[in-house]
Q: 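Here's a structure for you.
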Amino acid sequence: MTKNARVLALFDIDGTLTKARLNITPEMRAFMLSLRERITVGVVGGSDFPKQKEQLGDTVVADYDYAFSENGLTAYKDGELIGQQSFRDKIGEDAMQRLLNFTLAYLSKLNLPVKRGTFIEFRKGMLNISPIGRNCSRPERDEFETYDKTAGVRTAMVAAMQDEFKDLDLTFSIGGQISFDVFPRGWDKTYCLSFINAEDFDEIHFFGDKTYRGGNDFEIFEDPRTVGHTVTSPDDTKAQCEALFFK
Ligand code: M1P
């Protein structure tokens, strides 16, 4: 078997390599390492780097050729940090405080079945806003996701923020179960492609579960630089990769 390093496969994390916000299984990790013996492999998640390490392991930057967190706003290649972007520097302190104050005011008027703590996570490249609060328990997280499918708490809040902050040219992206991400337009997952030298690859594949419009995999899935694949679970990711790269 010879490795074809000119084929790159990039993978979303939640729902693609792991179940939502859970850790990668030993079997899936072993599969990804075996895939890397055949082609070049990278991960691109919406979460920040500490969460990426929690889910994929402390060895994440060694296990993958590329490890992009916050959509690539923090970028590692061959174990080295090659890029980091700051949302605060991009929009400035005044706009940041407008965003934070609006969010706090909006959330203070919201009644939900349960509310917990850590409603805003201030990340290097984005704000992550959670109406229930990020330190809810796993059952509360799952219940909020089900509740939100009919209550539309996040879609209503995103619509209100889109209206309020028309002047800031932001993207609001619902990528997980209990929260949404806010960042400048263009800082979606296609941002990570700016670190990839097109001349190094004949094909760039992307695998993700939220590839529909409004999902946080949509833009990179649709991007002409990638061949997009929609998956339904880690098992499906493995099956699709076996069919494509283990012939
Ligand atoms: O990777 C997808 C999303 O994962 C988390 O979402 P939630 O906690 O709502 O399930 C967050 O880290 C979010 O930023 C990320 O986009």
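First listed ligand is number 1; within each ligand, the first listed atom is number 1. Given the structure is predicted, the values throughout are model-derived calculations rather than measurements.
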Q: Between Asn216 and ligand 1, which residue portion shows a heavy-atom distance shorter than 4.0 Å: side chain, backbone, both, or neither?
A: side chain
Q: Less than 4.0 Å between a side-chain N and a carboxylate O, is that true for Lys238 and Glu242?
A: yes
Q: Could you tell me whether some N/O pair between Arg123 and ligand 1 is separated by less than 3.5 angstrom?
A: yes
Q: Give the residue and atom name of whichever protein heavy atom lies nearest to atom 15 (C) of ligand 1, and the separation in Å to one decimal.
A: Asp181 OD2, 3.6 Å
Q: Of the listed options (Gly45, Ser47, Cys136), which comes nearest to atom 5 (C) of ligand 1 when hydrogens are ignored and any heavy atom counts?
A: Ser47
Q: At the 4.0 Å heavy-atom cut-off, does Arg141 count as touching ligand 1?
A: yes
Q: Any salt bridge linking Asp65 with Lys77? Criterion: basic side-chain nitrogen under 4.0 Å from a carboxylate oxygen.
A: no
Q: Would you indicate which of Arg134, Arg21, Gln177, Glu121 comes nearest to atom 8 (O) of ligand 1 when only heavy atoms are counted?
A: Arg134
Q: State plainly whether the residues Arg29 and Asp63 are in salt-bridge range, i.e. N to O under 4.0 Å.
A: yes
Q: Give the residue, atom name and distance (to 0.1 Å) of the protein heavy atom nearest atom 4 (O) of ligand 1.
A: Asp14 OD2, 3.2 Å
Q: Taking the side chain as every heavy atom from C-beta outward, state whether Lys189 and Glu219 have any atom pair closer than 4.5 Å.
A: no
Q: Kindly indicate whether the side chain of Met157, heavy atoms from C-beta on, has any atom under 4.5 Å from the side chain of Tyr106.
A: yes
Q: I'd like to know if Asp142 pairs up with Arg138 as an ion pair, taking the criterion as any Lys NZ or Arg NE/NH1/NH2 lying under 4.0 Å from an Asp or Glu carboxylate oxygen.
A: yes
Q: Counting non-hydrogen protein atoms only, what is the nearest one to atom 9 (O) of ligand 1? Give residue, atom name and distance.
A: Ser179 OG, 2.6 Å
Q: Below 4.0 angstrom, N of the basic side chain to O of the carboxylate: do Lys51 and Asp48 qualify?
A: yes
Q: Compute the shortest N/O to N/O distance between Met126 and ligand 1 and return yes if it is under 3.5 Å, no if not.
A: no
Q: Do any nitrogen or oxygen atoms of Asn128 lie less than 3.5 angstrom from nitrogen or oxygen atoms of ligand 1?
A: yes
Q: Any salt bridge between Glu222 and Arg213, counting N to O under 4.0 Å?
A: no
Q: When you look for heavy atoms under 4.0 Å from ligand 1, do you find them on the side chain of Ile178, its backbone, both, or neither?
A: both
